[in-house]
Amino acid sequence: MRHALPPEDLARDERFVRNSFMVRATDPRLTAMPAEKRARRAPLNPDRADGPEAARALMHGIFTGEIQALEGAGRTCWDFPIGDGADEAPFELKLDMARQCWDEARHCEISVKLGDWMGTDIGEFAESVFLYEAACNPDPVLRLTGVNRALEGLAIDVFNTMREFGIQAGDPVLEFCEDWMLADEVTHVKMGSDWLRRLTADDPDRRTRALEFQRVVDKLFSLGGARGEEDDSPIKLARRFRELAGFNTEEIDEIAALSTESRQDLADVQDRAAAQAAATTSGER
Amino acid sequence: MAVTVTPETFTMVLFDQPTIVASVSEIAAKVGMGDADIVIEVAEAVPLARCRIDSLDPITLSIEGGAFEDPRNPRQLSEHAVIDTVGRLLLQAGDRLDPAFGDPPEDGDIDLAHRVAWDVYAVGRLQQLGYESQRQRRLYGFRNRHGFTDAADDAFTRLWTGRDLTWDDITRLSDDALAVRA
């Protein structure tokens, strides 16, 4: 078996349709949407008219994320020889990744059943493979900070939001399933935090690189500020669960700030595009 | 009968206007609105999915572009979504035009639970006409508004399989289910 399987080679059947992050990032509607529509952002909860539909779509995203998390953890078991070098992984780290594979496989099964419960077919929404892409980093420490700390951290925020959605809607199935998966995610993030500290204890440069990689992933997947701490953030930053997963207050504050920054960046791009469109229109008159 | 879809040329999304016209014409005939003049105004720059009936003569539907979009392929048209969205709205427009149906409030004034119950009744009729209509998805949306209870599921079934229901029937089924949730 070869090492470092590229994302385009992931095995999927004909039900799955894949979109790249760039397809969404370059969607002209991102900047052309009228300002009053852009402002229509709200926390994901059942009070939103489109709440159940948004929850269904998010649940499908969780499902495909679980598949990729299984694939990523599986690759980390295989891609590195056992050892303590920069391109090696300790046996105990591989054991943790094997345990994570077990969890992620269970999450895939749970997510499929939740999809059935919510009326979603497998493949009804597009799959984006950004989680697996972060799991392709050649340095195992960067791989764990990008996936376990940044993206599994995002999973904590998402699962907590969905669990709250289930509680507010009175949906016992969603609440129960999300609660159990959330507990596993906390463990996965803590694995990332623990291994980051252990493997970089004597290598501050490597730790700096790993944390920088995490910041890049965290900002990119704040999703234009959709995950954050503002009143209208659709996905709330789950501080308490992140603390349980080994994040300190300063680290959580930094993620909140990155999210605000990401939101502002998007707003700036949209404002510039609107101004440009207005100038073009006025020039045509 | 005339079906008008605006814009004629889409620039933000890869929608084909004649395809939308054909789908709307097909579903209009199926739901008994084949003789009506229908205007579809698509807000192509909006990837959200809200839609509403703006007028009944001619029947004018205001659609955010996301409502016609293929959820697997951004910016691409889904003919299924066109049928599902327009079919539901045309059935509700037909309800409004039928004196026997009763007098529902304006779209913006309808309580969310009642709105969802009416949607279930409309999509259930599309299903009865042979269109794929994602029953479980609609049941999940209904349960979110009316409770995860046997009473809510029973109300859903009566709406989904219903024929010749009135606005009073729909609101009563919705209210009775909500009473059990409370």
Side-chain angles (χ1 to χ4, degrees), chain A residues 15-38 40-41 45-57 59-61 114-128 165-166 168-175 273-274 277, chain B residues 10-15 42-52 64-67 69-76 78 80-81 84-85 107-108 110-113 115-116 119-120 123 132-149 152 156 177-178 180-182:
Chain A
R15 290 171 296 181
F16 291 82
V17 174
R18 190 172 299 174
N19 284 152
S20 76
F21 185 68
M22 285 309 289
V23 168
R24 292 195 185 279
T26 57
D27 187 333
R29 295 172 300 176
L30 205 61
T31 51
M33 186 160 57
E36 69 276 12
K37 302 282 184 186
R38 276 191 254 143
R40 232 168 59 190
R41 208 164 85 142
N45 63 42
D47 292 338
R48 256 171 64 171
D50 69 339
E53 284 296 294
R56 254 173 23 89
M59 192 60 236
H60 193 275
L114 273 176
D116 290 344
W117 171 250
M118 299 167 91
T120 308
D121 294 326
I122 291 175
E124 187 175 332
F125 300 93
E127 178 183 16
S128 170
F165 186 99
Q168 290 165 26
D171 177 350
V173 176
L174 184 64
E175 178 194 347
Chain B
F10 292 87
T11 57
M12 295 276 158
V13 289
L14 307 169
F15 291 2
V42 183
E44 64 163 333
V46 185
L48 308 174
R50 285 192 191 176
C51 43
R52 65 170 188 270
E64 290 181 347
E69 189 173 6
D70 181 345
R72 296 177 302 167
N73 295 296
R75 302 173 61 213
Q76 308 256 2
S78 160
H80 169 72
D84 191 63
T85 302
D107 269 10
I110 297 178
D111 173 81
L112 187 55
R115 154 66 53 200
V116 170
D119 284 349
V120 168
V123 180
E132 186 208 339
S133 46
Q134 294 185 292
R135 182 182 186 281
Q136 186 67 23
R137 167 189 168 196
R138 296 292 174 180
L139 175 60
Y140 188 71
F142 189 79
R143 284 169 166 169
N144 265 272
R145 303 297 169 212
H146 295 86
F148 289 73
T149 65
F156 175 86
L178 277 170
V180 172
R181 180 193 209 181

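Source: prediction; values computed, not measured. Only heavy atoms go into these numbers, but all of them, side chains included; no hydrogens, no water, no symmetry mates. Below, read A as the first sequence line, B as the second, and so on, with proteins coming before strands; counting in each chain starts at 1.
Under 3.5 Å, the side chains of Thr120(A) and Arg56(A) contain a donor-acceptor pair of N or O atoms.
Of the two parts of Asp171(A), the backbone and the side chain both hold a non-hydrogen atom closer than 4.5 Å to a non-hydrogen atom of chain B. Of the atoms belonging to Phe165(A), it is side-chain heavy atoms, and not backbone ones, that fall under 4.5 Å from chain B. For a residue to count as touching a neighbouring chain, one of its non-hydrogen atoms must lie under 4.5 Å from one of that chain's; by this rule Arg135(B) does not touch chain A. Using a 4.5 Å cut-off between heavy atoms, Arg138(B) does not touch chain A at all. Heavy-atom distances place no part of Val116(B) under 4.5 Å from chain A, backbone and side chain included.
A salt bridge does not link Glu44(B) to Arg29(A): none of the charged side-chain nitrogens sits closer than 4.0 Å to a carboxylate oxygen. The pair Asp111(B)-Arg115(B) does not count as a salt bridge, with every side-chain nitrogen at least 4.0 angstrom from each carboxylate oxygen.
The shortest side-chain heavy-atom distance between Pro71(B) and His60(A) does not fall under the 4.5 Å cut-off.
Summarising the geometry, atom CZ belonging to Arg145(B) is positioned 10.5 Å from atom CG belonging to Asp119(B); distances are rounded to the nearest 0.5 Å.
Chain B forms the most heavy-atom pairs under 4.5 Å with one residue out of Ala169(A), Ala57(A), Gly51(A), Ala55(A), and that residue is Ala169(A). Of all the listed residues (Glu127(A), Gln168(A), Glu124(A)), the one sharing the greatest number of non-hydrogen pairs under 4.5 Å with chain B is Glu124(A).
Listed by chain and residue number, Val17(A), Asp70(B) satisfy the side chain to side chain contact (heavy atoms under 4.5 Å, CB included) test with Arg72(B) (two or more places apart in sequence, or in another chain).
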